[in-house]
Enquirer: 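Take this structure, written in structure tokens, and hold onto it; I'll ask about it next.
Residues take their numbers from the sequence shown, with the count starting at 1. Atom set for the values below is all heavy atoms of this structure, side chains included, hydrogens, waters and symmetry mates excluded.
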Amino acid sequence: MRVLGVDPGLTRCGVGVVEGVPGRPCTLVAYYVVYTDPEDDLPLRLLHLDRSLTDLVAEHRPDAVAVERVFSQHNVRTVMGTAQASGIAVLAGARAGLPVTTYTPSEVKAAVTGSGQADKAQMTAMVTRLLRLAEPPRPADAADALALAICHVWRGGTRSKLAAAAQRARRGGAR
């Protein structure tokens, strides 16, 4: 399974692509950070993000897209920009006909480090180790995007199989 993970942000949007199967180490395909200029008007920033994510989905042809779920913060401006970027990421996956799953930061941390309370340094260290990289992906937005992709391979694949089994059971029971 190839997954494109997105750590949404309006100024810096992390994108990571990995391949793998549940229960096995993932392999790095690529990672990026899409930047937008805070001095540009919002519509131009969102358009740039949309074009960049659409191009990356087309280039890497993932089987699924994993996006960090926006959570409430005290800074409303920050959460609004993150929410707008998240919507663009979800749209890029949906436009390509791909399944899109969102994960909370604590879900990703738990999947990658074993603790939902892990800090950025722990996350980056584990992503580096799990992908067998010589050096940590920089900036942290890229490492976070890779963590989302790893999380989806390990949890999303299992979640999808369980949902498919439940659906088969419901159909079988209705006969």
Enquirer: Nearest 0.5 Å, what's the CZ-CG distance between R95 and D50?
Expert: 4.5 Å

Enquirer: Rounded to the nearest 0.5 Å, what separation is found between the CG atom of L44 and the OG1 atom of T36?
Expert: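 These two atoms lie 10.0 Å from each other.
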
Enquirer: For T113 and M123, work out which heavy atoms get closest and say how close.
Expert: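 So the minimum-distance heavy-atom pair works out to CG2-SD, 3.6 Å.
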
Enquirer: Treating D141 as the side-chain partner and C13 as the backbone partner, does any N or O pair qualify as donor plus acceptor under 3.5 Å?
Expert: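 Checking the backbone N and O of C13 against the side chain of D141, no donor-acceptor pair under 3.5 Å is found.
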
Enquirer: Side-chain heavy atoms nearer than 4.5 Å, only ILVMFWY residues, links allowed to pass through others: does that put V127 and Y31 together?
Expert: yes

Enquirer: How close do P8 and T82 get, heavy atom to heavy atom, and via which atoms?
Expert: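 That would be O-CG2, 3.7 Å.
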
Enquirer: Among all residues two or more places apart in sequence or in another chain, which pass the ring-ring contact (aromatic ring centres under 6.0 Å, His included) test with Y32?
Expert: H60

Enquirer: Would you say L28 and W154 are hydrophobically clustered, going by side-chain heavy atoms of ILVMFWY under 4.5 Å?
Expert: yes

Enquirer: If only atom types and distance count, is the side chain of D41 paired as donor or acceptor with the main-chain N or O of P43 below 3.5 Å?
Expert: no

Enquirer: Between R12 and D7, is the closest basic N to carboxylate O distance under 4.0 Å?
Expert: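 Looking at D7 and R12, the cut-off is not met.
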
Enquirer: For the residue pair T104 and S106, confirm or rule out a side-chain donor-acceptor distance under 3.5 Å.
Expert: yes

Enquirer: Is the CZ atom of R24 crowded by more than 12 outside heavy atoms at less than 6.0 Å?
Expert: no

Enquirer: Between E68 and S86, is any pair of side-chain heavy atoms under 4.5 Å apart?
Expert: no

Enquirer: Please list, chain by chain and in numerical order, all residues satisfying side chain to side chain donor-acceptor pair (under 3.5 Å) with Q122, sequence neighbours excluded.
Expert: none

Enquirer: Cut-off 3.5 Å, side chains only: do R45 and T11 have a donor facing an acceptor?
Expert: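 Side-chain D/A pair, R45 to T11: present.
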
Enquirer: So how far is it from L146 CG to M126 CE, rounded to the nearest 0.5 Å?
Expert: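 CE of M126 is found 13.5 Å from CG of L146.
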
Enquirer: Would the distance check show the side chain of T128 and the main-chain N or O of T124 forming a donor-acceptor pair, the cut-off being under 3.5 Å?
Expert: yes

Enquirer: Can you measure from OG1 (T101) to CG (L148) and round to the nearest 0.5 angstrom?
Expert: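 The distance works out to 10.5 Å.
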
Enquirer: Do V17 and I150 sit in one hydrophobic cluster, given that two such residues count as connected whenever their side-chain heavy atoms are within less than 4.5 Å of each other, even indirectly?
Expert: no

Enquirer: To check you understand the geometry: which heavy-atom pair defines the closest contact between A145 and G16, and what is its length?
Expert: CB-N, 3.3 Å

Enquirer: Please say yes or no: joined through hydrophobic side-chain contacts below 4.5 Å, possibly via intermediate residues, are I88 and V6 part of one cluster?
Expert: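 As far as the 4.5 Å side-chain criterion goes, V6 and I88 are connected within one cluster.
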
Enquirer: Quick check: closest heavy atoms across P25 and R132, and the distance to 0.1 Å?
Expert: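 That would be CB-NH1, 3.0 Å.
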
Enquirer: Might you point out which heavy atoms bring C151 and E107 nearest each other, and give the distance in Å?
Expert: SG-O, 4.1 Å

Enquirer: Step through the shown structure and confirm whether more than 12 heavy atoms of other residues, nucleotides or ligands are within 6.0 Å of CZ on R61.
Expert: no

Enquirer: My understanding is that only one of L130, V153, V29 makes a side chain to side chain contact (heavy atoms under 4.5 Å, CB included) with V18; could you say which?
Expert: V153

Enquirer: Are the side chains of L10 and L46 in touch, meaning some heavy atoms are under 4.5 Å apart?
Expert: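 Yes, side chains in contact.
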
Enquirer: Can you check side chain to side chain contact (heavy atoms under 4.5 Å, CB included) on D119 and K109, steps first, answer last?
Expert: CA-CA 8 Å; D119 62 23; K109 291 173 183 180; over 6 Å; no

Enquirer: Using the rule that Ile, Leu, Val, Met, Phe, Trp and Tyr join whenever any side-chain heavy atoms are under 4.5 Å apart, tell me whether V90 and L42 fall into a single cluster.
Expert: yes

Enquirer: Without swapping roles, check the side chain of H48 against the backbone of Y35 for a donor-acceptor pair under 3.5 Å.
Expert: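 Judged by distance alone, yes, a pair lies under 3.5 Å.
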
Enquirer: So, using salt bridge (Lys or Arg N to Asp or Glu O under 4.0 Å) as the criterion, who are the partners of R51 when residues are at least two apart?
Expert: none

Enquirer: Nearest heavy-atom pair of A64 and H152: which atoms, and what distance?
Expert: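 Minimum heavy-atom contact is CB-NE2, 3.5 Å.
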
